[in-house]
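Reckoned from all heavy atoms, side chains included, excluding hydrogens, waters and symmetry mates. To find a chain, count down the sequence lines: A is the first, B the second, and so on, and within it residues start at 1.
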Amino acid sequence: MSEEKKSLNFLEHIIEEDLASGLTKDKLRFRFPPEPNGYLHIGHAASICLNFGLGQKYNAPVNLRFDDTNPAKEEQEYVDAIKKDIKWLGFQWDKELYSSDYFQQLHNWAIDLIKKGKAYIDNQSSEAIAKQKGTPTEPGVDGPNRNRSVEENLVLFEKMKNGDFEEGSHILRAKIDMQHVNMHMRDPIMYRILKKSHHRTGDTWNIYPMYDWTHGESDYIEQISHSICTLEFKSHRELYDWYVDQIRDANKLRPKQREFARRNLSYTVMSKRKLLQLVEDGHVNGWDDPRMPTISGLRRRGYTPEAIVKFSEISGVSKRDNVTDVALLEFCIKDDLNKTAPRVLAVLNPLKVVITNYPENKEDFFDASYNDYVDGFGSRKVPFSREIYIEKEDFREEANKKFFRLKLNGEVRLKNGYIIKANDVIKNKQGEIIEIHCTYDKDSLSGSGTEASKRKVKGTLHWVSVTHALKAEVRLYDRLFNDEAPDSYKDRDFKEFINPNSLKTIEAFVEPSLKSVKIGDRFQFQRLGYFNVDNDSKPEQLIFNRTVSLKDSWAKIENKPKTIQPDKTIEGIMPLAGKYLKSREEDERLTLLAQINKQSKEVSSETLLNLIKNANSNKEYLAYLMILNSQNIIVDFSKNENLEPVNKFIGVALQMKNSYVRFQAVNFIGKHLDFKTSHEDLLKIMSIEDKNTHIIERLKEF
RNA sequence: UGUCCCAUGGUGUAAUUGGUAACACACCGGUUUUUGGUACCGACAUUCAAGGUUCGAGUCCUUGUGGGACAACCA
């Protein structure tokens, strides 16, 4: 069959170009180079899928190379975890290698550089060195040790190696150009003294090579054709090339570093440092906590490797900053599990239902397929008896006709079972519903083929038999952070946005067929979501994690704010705001502003308040702020319940990237000084640091 | 005050290298349904701005605007 035409990403374009201009396919070789100082996360998965994906596409080998040049931070534990994660994702590396394998070679090359007068020993303090280095805008100056003789350098380097010097006292630097525009070229450090035991080389070395000196040379040794890393290494490329060129044999391949944007996910953080903080401060229960964006966390949560690989594929790769919606990741796992997970019955929030016309000691076993729509899943028997549990949310005494579930005097089908009708509600002294009395239609058994069994009722509920059900612990997870990009604020700590309710543990009832589940097994709990068996689960104490819930259209219908009527006035303003956002022309903006102000007259404050609560794009924020700012609209701030949403809205707006939005937010506070106090600190910082001069000017006015 | 990178719907990516904006997710509307799931159908952007080159520009040039990276004996 002809291959489906797939568009290439920019890295594949580069490779295709290299291939077209003479590089032969057998020269292609890639590598994945983690530092073993932490656990892999979903961002690394992107890099893994990229490198190994390239390997698969071009049938080229991919090395796994641990970048272990800093013994202070690296441990064997991490090496093992990383290997496990890569294998789990389904990738096979060609060679398992370590930068530390090259310590001797690197050392030899360093001596060559010294001999060529291209490296020297510096024994100044780190402060002095930093000072001489200059800043991105000012050139550096040569230090006093720059012209030390080759002989002396060799002696000193030998002494460094032998451990004759203290940590921090001496370094080996490349001699390049202290005035270079690129900071990394201003005599970068090649070796530092570290009297630490290395997880592989033990105490053999007292000096360790730096990243830049190691990475390019390692790529060269392994003859990696394309060394792919993240964008922040872009400015290291010049140094990478310089180092490789110092030692390179003209007949051998010169590796090529290229950079892509790291993948960010909404509602989480993705740096090892921050993840480590979450673990150490006890906000989560370890690196493999199911709420963590680590590979091990996702695995424990119930994610499949297929879903993660798919996510990486459809996310793509580019050179621009990004925040990918977690909804995309969730889609990938739902899509996978929808095709593979057997469906079973479980009740998370039980309400007892008594079938009054069903004999007390009788039981029935219904045939229940693990998947009604796809063959090959098999089936099991589910027990039915006089008393069952249904979900509390599935019953209401009174409800409108949009509510398809059980209501008093209403009918509903029990999945795989009978149609039942609610006749009575039993309440306790507090007036809470504790039991429902129903009658069942004897002829309506699912699959029995009778007329009654074919009757259509609007709702179908999941349920379990009280006497047969198994108790199980179920862990319900929510996003770890309340904010879309918790680490994007300059002056706020990401931990401020931690969602205090990200884990809810409940006791639930599951159908008896789940008695013999194994750790890691995945199921769909019908109508609820996908769940897997947690590592802590035991046959006598079952524990399930909710991997992801099913799409809940009912919640949407129910929570839909009824007060928002489609408002034509707002609709007219939105495109104007969009144009305003894009316009850079003062006159045009003024015209647009006038139009918006004019139209704002007709917007009711009630509509506006509702919209404010759900605002989530630059355009929306801008439009609502402009409406708020037009003198024609008066929002009722005297009501307390209005204050908080507006305040929150302003708080977010003040920190948005778009300067128009920030300006309008500042402007709003200027007009309504009551709101100033809650944002005082932020405003103070903005009045000094904000990049937009209009904002600073406006801030001076109040 | 420097150098470099980036800019396509709400989000993430495409666009046969200059030929008339595509895919996925999200959202909204609908059909089917013994899961308010799934599946299916439909709606949703003229590509940051201005100018230039061209028969033709998301793509090339210029200027501007906005965002990001770079001053660890970390990687």
Side-chain angles (χ1 to χ4, degrees), chain A residues 5-9 13 33-35 37 67 69-70 72-73 122 126 129-130 133-140 167-171 180-184 186 189 191-194 208 210-212 214-215 229 231-236 238 259 261 263 266 272 314-325 327-332 334-335 338-339 343 372-374 402-405 413-417 419 446-447 453-454 456-462 524 526-529 550-557 578 581-585 588 616-620 657-660 691-692:
Chain A
K5 237 191 268 170
K6 250 191 182 170
S7 55
L8 305 178
N9 63 45
H13 279 294
E35 182 189 10
N37 69 340
D67 221 338
T69 57
N70 186 356
K73 287 160 70 181
D122 201 342
S126 56
I129 291 172
K133 205 163 188 186
T135 69
T137 53
E138 303 160 50
E167 279 188 20
S169 65
H170 294 67
I171 52 171
H180 204 287
V181 283
N182 185 343
M183 293 286 294
H184 297 286
R186 321 238 259 235
I189 300 173
Y191 275 94
R192 78 289 212 191
I193 300 168
L194 243 32
Y208 290 91
M210 299 288 288
Y211 164 83
D212 288 297
T214 310
H215 208 91
C229 62
L231 235 35
E232 68 269 25
F233 290 102
K234 170 77 187 173
S235 56
H236 292 244
E238 203 170 5
E259 310 82 11
R263 178 110 273 133
S266 63
K272 276 185 195 168
I314 61 180
S315 296
V317 47
S318 71
K319 290 173 81 167
R320 45 179 164 162
D321 297 329
N322 59 77
V323 182
T324 304
D325 196 339
L328 187 61
L329 215 211
E330 286 170 357
F331 163 76
C332 291
K334 280 186 222 179
D335 193 43
N338 176 45
K339 291 169 189 147
R343 276 118 237 245
D372 290 340
Y373 306 96
V374 181
K402 279 187 179 169
F403 185 81
F404 302 161
R405 287 112 107 132
R413 177 175 287 282
L414 297 174
K415 181 70 190 170
N416 301 312
I419 292 173
S446 180
S453 75
K454 290 174 189 162
K456 299 275 179 199
V457 286
K458 198 70 180 152
T460 300
L461 303 185
H462 60 276
Q524 184 194 98
Q526 204 121 163
R527 300 213 305 137
L528 295 170
L550 253 29
K551 183 173 168 187
D552 189 354
S553 305
W554 167 241
K556 266 181 219 163
I557 296 166
L581 212 49
K582 291 182 177 178
S583 168
R584 309 287 139 163
E585 189 90 350
E588 191 189 355
N616 67 10
S617 71
N618 280 347
K619 192 161 81 177
E620 289 174 31
K657 279 182 184 172
N658 188 285
S659 54
Y660 294 150
K691 288 183 179 173
N692 188 299

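Contact annotation: A:R343 side-chain N/O to B:U38 OP1/OP2 distance is not under 4.0 Å. Phosphate proximity of B:U16 to A:H13: absent, as no side-chain N or O sits under 4.0 Å from OP1 or OP2. Between B:C28 and A:K556, a contact under 4.0 Å exists linking OP1 or OP2 to a side-chain N or O. Of the side-chain N and O atoms in A:S318, one or more sit less than 4.0 angstrom from OP1 or OP2 of B:U13.
Counting any heavy atom pair closer than 4.0 Å across all strands shown, A:S446 reaches a base atom. Within 4.0 Å (heavy atoms only), A:V457 reaches no atom of the nucleic acid at all. As judged by a 4.0 angstrom heavy-atom cut-off over every strand, A:G447 is placed among the base-contacting residues.
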In the 5'-to-3' direction, what one-character label does each nucleotide of nucleotides 69-75 of chain B receive under the scheme B = base within less than 4.0 Å of a protein heavy atom, S = sugar-phosphate only, - = no such atom? -BB-BBB

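The environment of NZ in A:K133 is crowded: more than 12 heavy-atom neighbours from other residues, nucleotides or ligands sit within 6.0 Å.
Comparing the same atom, P, in B:G9 and in B:C48 gives a spacing of 7 Å after rounding to whole Å. When the C1' atom is used for both B:G36 and B:G19, the distance is 47 Å, rounded to whole Å. Using C1' as the reference atom, B:U46 and B:U3 are 35 Å apart when rounded to the nearest Å. Going from the P atom of B:U31 to that of B:G37 covers 13 Å, rounded to whole Å.
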Would you sketch RNA chain B in dot-bracket for me? Only Watson-Crick or G-U wobble pairs with both distances under 3.5 Å count, crossing pairs as [ ], other-strand pairs as |, the rest as dots. .((((((..((((.....[..))))..((((.......)))).....(((((..]....))))))))))).....

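Distance check: A:N416 CG to A:D372 CG gives 6.0 Å after rounding to the nearest 0.5 Å. Taking CD of A:E259 as the start and NZ of A:K319 as the end, the distance is 6.5 Å to the nearest 0.5 Å.
Relative ring orientation between A:F403 and A:W554 is described as perpendicular, the plane-to-plane angle rising above 60° on a 0-90° scale split at 30° and 60°.
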Restricting both atoms to N or O, compile the protein contacts to nucleotides 19-25 of chain B shorter than 3.5 Å, with distance only.
none

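Side-chain atoms of A:L550 lie closest to B:G37 of the nucleotides B:G37, B:C5, B:G36.
Rounding to whole angstrom units, CD of residue A:E238 and P of B:G2 are separated by 19 Å. In this structure, A:I419 places its CD1 atom 9 Å from C1' of B:U34, rounding to the nearest Å. What separates CZ of A:R527 from P of B:G37 is a distance of 11 Å, to the nearest Å. Distance A:K456 NZ to B:G36 P: 13 Å, rounded to the nearest Å. Across the protein-nucleic acid pair, A:E138 atom CD and B:U3 atom C1' stand 14 Å apart, rounded to whole Å. In this structure, A:R263 places its CZ atom 13 Å from P of B:U11, rounding to the nearest Å.
For the pair A:S446/A:R413, a side-chain contact is recorded, criterion being any heavy-atom separation below 4.5 Å from C-beta on. Between A:H236 and A:H215 the shortest side-chain heavy-atom distance does not fall below 4.5 Å.
Side-chain atoms of A:R413 and base atoms of B:U34 include a donor and an acceptor less than 3.5 Å apart.
Using a 90° window around 0 for the glycosidic torsion, B:U17 falls inside it and is classed as syn.
Remark: A:K339 engages A:D335 in a salt bridge, criterion side-chain N to carboxylate O under 4.0 Å.
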